[in-house]
Q: 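One structure follows; several queries about it will come next.
Hydrogens, waters and symmetry mates are skipped; everything else that's a heavy atom, side chains included, is used. Counting convention: from 1, in listed order, for ligands and their atoms alike. We number each residue from 1, following the sequence as shown.
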Amino acid sequence: MTIPEQIIAKIEAYQTIIIHRHVNPDPDAIGSQVGLAEVLRNSYPDKTIYQVGSDTGNLAWLANVQEIDPATYQDALVIVTDTANAPRISGETFNLGAALIKIDHHPNDDPYGDLNWVLPDASSTSEIIIDIVNNSDGRLQFNQAAARVLYAGIVGDTGRFMFNSTSPHTMACAAQMMTFDIHHDKLNQKMNEITLEQAKLQGYLFDQLQVNAQQVAYLVVDRATQARLHVDPQQVHSIVGTPGRLKGVLTWVIFVQQADDTYRVHFRSKGPIINELAKHHDGGGHPLASGAKAADQAEIDVIIAELSTLAAQYTE
Ligand code: AMP
C-alpha cells in the first residue's frame, strides 16, 4: 500500500479523528486542517471529526477551531497538517491519541508521526490534501466548505501563485477548487485586506528598512513601534513579504519583538537558501521562507551578518 492508501485505511479504521496544525496558523495551516476535516465529514457522516488548536485569530473569518475534552483522544486517530516539528504543533494533547499521522510540505526534519506523508516540493499542504482526495478512488469527496479553505491555503502559501513552488499541477488543483462555487474573488479580497494600522506599518517599513551592500534588507519592529502604530506581533506578519518587491533586494529578514521581549524572525529570499541559517536560531522552514527566534539585539546582529555572508556567496 502507498502511504496515502495507508492514511485512508487508518481514517476508515477510526471512529473519532482529531486534526491539528501549527501554532500561529496561516491560511495553509487552516486550509489543510479544516479542508481535510470537511472532506472527512462529507465522506464519512457517521464519524466524529474535530479541528483543534489555538484560536485562528485574524483568520477567524476563514475557519474556527473546536474545544474538546482530553478524554476524546482515547481511541482516536490524530492527524497533524502543515507542521514541520512536534514543538510547533498547536495543542499539546496531540500525542494522546491511539495513532498519529503527519501530512506536510516542509523538509521532514522531525518525522513525528507513526505515518509520515511529507512532500517538500508541494506548493502547500492544501495541495497534498487535494491529491490524497483525488487519488482515493472516490472514497474521499470534496464539498464547497472543503474547497473554499483548500483554495485559500494554496493562494496563501504560493503568495498568490507567485513563488517558485507554484507548478502547473498547483494551478490545476486551484482550478478544481474553483469549480465548487467558493466565491474566489471575495476570498482573495479578504486575504489581501489590511487594516489602516497595517497600512501605516507598511509606511514605517519603507521608511526604516535598511538595505546593505550584500542586498540584504532588514527591519526591527520593536514593542514601542508596535504600540505607537497600534499593531500586535501577529499583525506585523502582513509586511513580511513586502521588502521582496524592492529592486536590489536579494534576501531579507524582519525581527518582531514579542511580549517577552525576544524576537520572532522572518526570513525570505529570492535565491540564497535560508532555512539552514534559520535552524541555527531555533527555527526552520522552507528554502526561501523560514522563521526563527532571536533572544536580543546581539543575536539580531549575528543573524544579519550571517545572512549577509550567505547573500555574498550566492551565484545564480
Ligand atoms: P513565517 O516567517 O512565520 O511566515 O514562517 C515561514 C516558514 O517558516 C513557515 O513555513 C513556518 O512554518 C516556518 N517557521 C516559522 N518559524 C519557525 C520555527 N520557529 N521553527 C520551524 N519553522 C518555522
Side-chain angles (χ1 to χ4, degrees), residues 20-33 53-54 56-59 80-91 102-112 118-128 152-160 162-166 191 194 198 201 205 216-221 231-244 251-258 260 262-270 272-295 299-300 303-304 307:
H20 288 244
R21 39 79 185 153
H22 63 74
V23 293
N24 299 314
D26 53 20
D28 188 39
I30 296 172
S32 55
Q33 175 196 30
S54 56
T56 46
N58 57 10
L59 289 170
V80 181
T81 68
D82 198 41
T83 312
N85 46 5
R88 278 183 53 82
I89 299 172
S90 184
K102 171 185 184 182
I103 304 177
D104 188 30
H105 75 131
H106 299 89
N108 195 12
D109 294 329
D110 180 2
Y112 52 77
V118 178
L119 302 174
D121 289 337
S123 72
S124 51
T125 307
S126 295
E127 182 178 316
I128 298 173
I154 293 177
V155 170
D157 254 36
T158 60
R160 292 187 222 122
M162 203 176 75
F163 302 153
N164 70 342
S165 56
T166 310
M191 289 178 73
I194 53 172
Q198 286 171 315
L201 179 64
L205 172 109
V216 174
Y218 52 93
L219 178 76
V220 179
V221 186
V231 289
D232 62 34
Q234 208 192 358
Q235 290 166 320
V236 178
H237 200 266
S238 63
I239 63 165
V240 168
T242 305
T251 178
W252 63 102
V253 57
I254 296 186
F255 304 91
V256 185
Q257 198 170 26
Q258 307 293 300
D260 64 0
T262 66
Y263 297 82
R264 276 198 72 189
V265 185
H266 304 280
F267 293 101
R268 297 292 186 272
S269 175
K270 293 179 192 165
I273 305 301
I274 37 91
N275 54 352
E276 288 302 320
L277 169 52
K279 277 188 213 166
H280 293 148
H281 296 276
D282 198 12
H286 303 284
L288 303 180
S290 289
K293 292 171 191 158
E299 191 168 359
I300 289 176
I303 288 173
I304 294 169
L307 192 58

Q: Does His22 have any ring pair (Phe, Tyr, Trp, His ring centres under 6.0 Å) partners at least two apart in sequence or in another chain, and if so, which?
A: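 Not a single residue meets the ring pair (Phe, Tyr, Trp, His ring centres under 6.0 Å) criterion with His22.
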
Q: Could you tell me whether Arg88 and Asp110 make a salt bridge, using a distance below 4.0 angstrom between a side-chain N and a carboxylate O?
A: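 Salt bridge: no.
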
Q: Excluding sequence neighbours, so at least two apart, what forms salt bridge (charged side-chain N to carboxylate O under 4.0 Å, His left out) with Asp282?
A: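 Once residues adjacent in sequence are excluded, the partners of Asp282 under the salt bridge (charged side-chain N to carboxylate O under 4.0 Å, His left out) criterion are Lys293.
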
Q: Quick one: which of Thr83, Asp157, Asp82 gives a side-chain hydrogen bond (donor to acceptor under 3.5 Å, both in side chains) with Thr125?
A: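 Only one option passes, and that is Asp82.
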
Q: Side chains of Ser54 and Ser90: do they bring a donor and an acceptor to under 3.5 Å?
A: yes

Q: Apply ring pair (Phe, Tyr, Trp, His ring centres under 6.0 Å) to His281 and list each qualifying residue two or more places apart in sequence or on a separate chain.
A: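 With sequence neighbours excluded, His281 shows a ring pair (Phe, Tyr, Trp, His ring centres under 6.0 Å) to no residue whatsoever.
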
Q: Name the residues with a heavy atom less than 4.0 Å from ligand 1?
A: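 Lining ligand 1 at under 4.0 Å, by heavy atoms, one finds Arg88, His106, His237, Arg264, His266, Arg268, Asp282, Gly283, Gly284, Gly285, His286, Ala289, Ser290, Gly291.
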
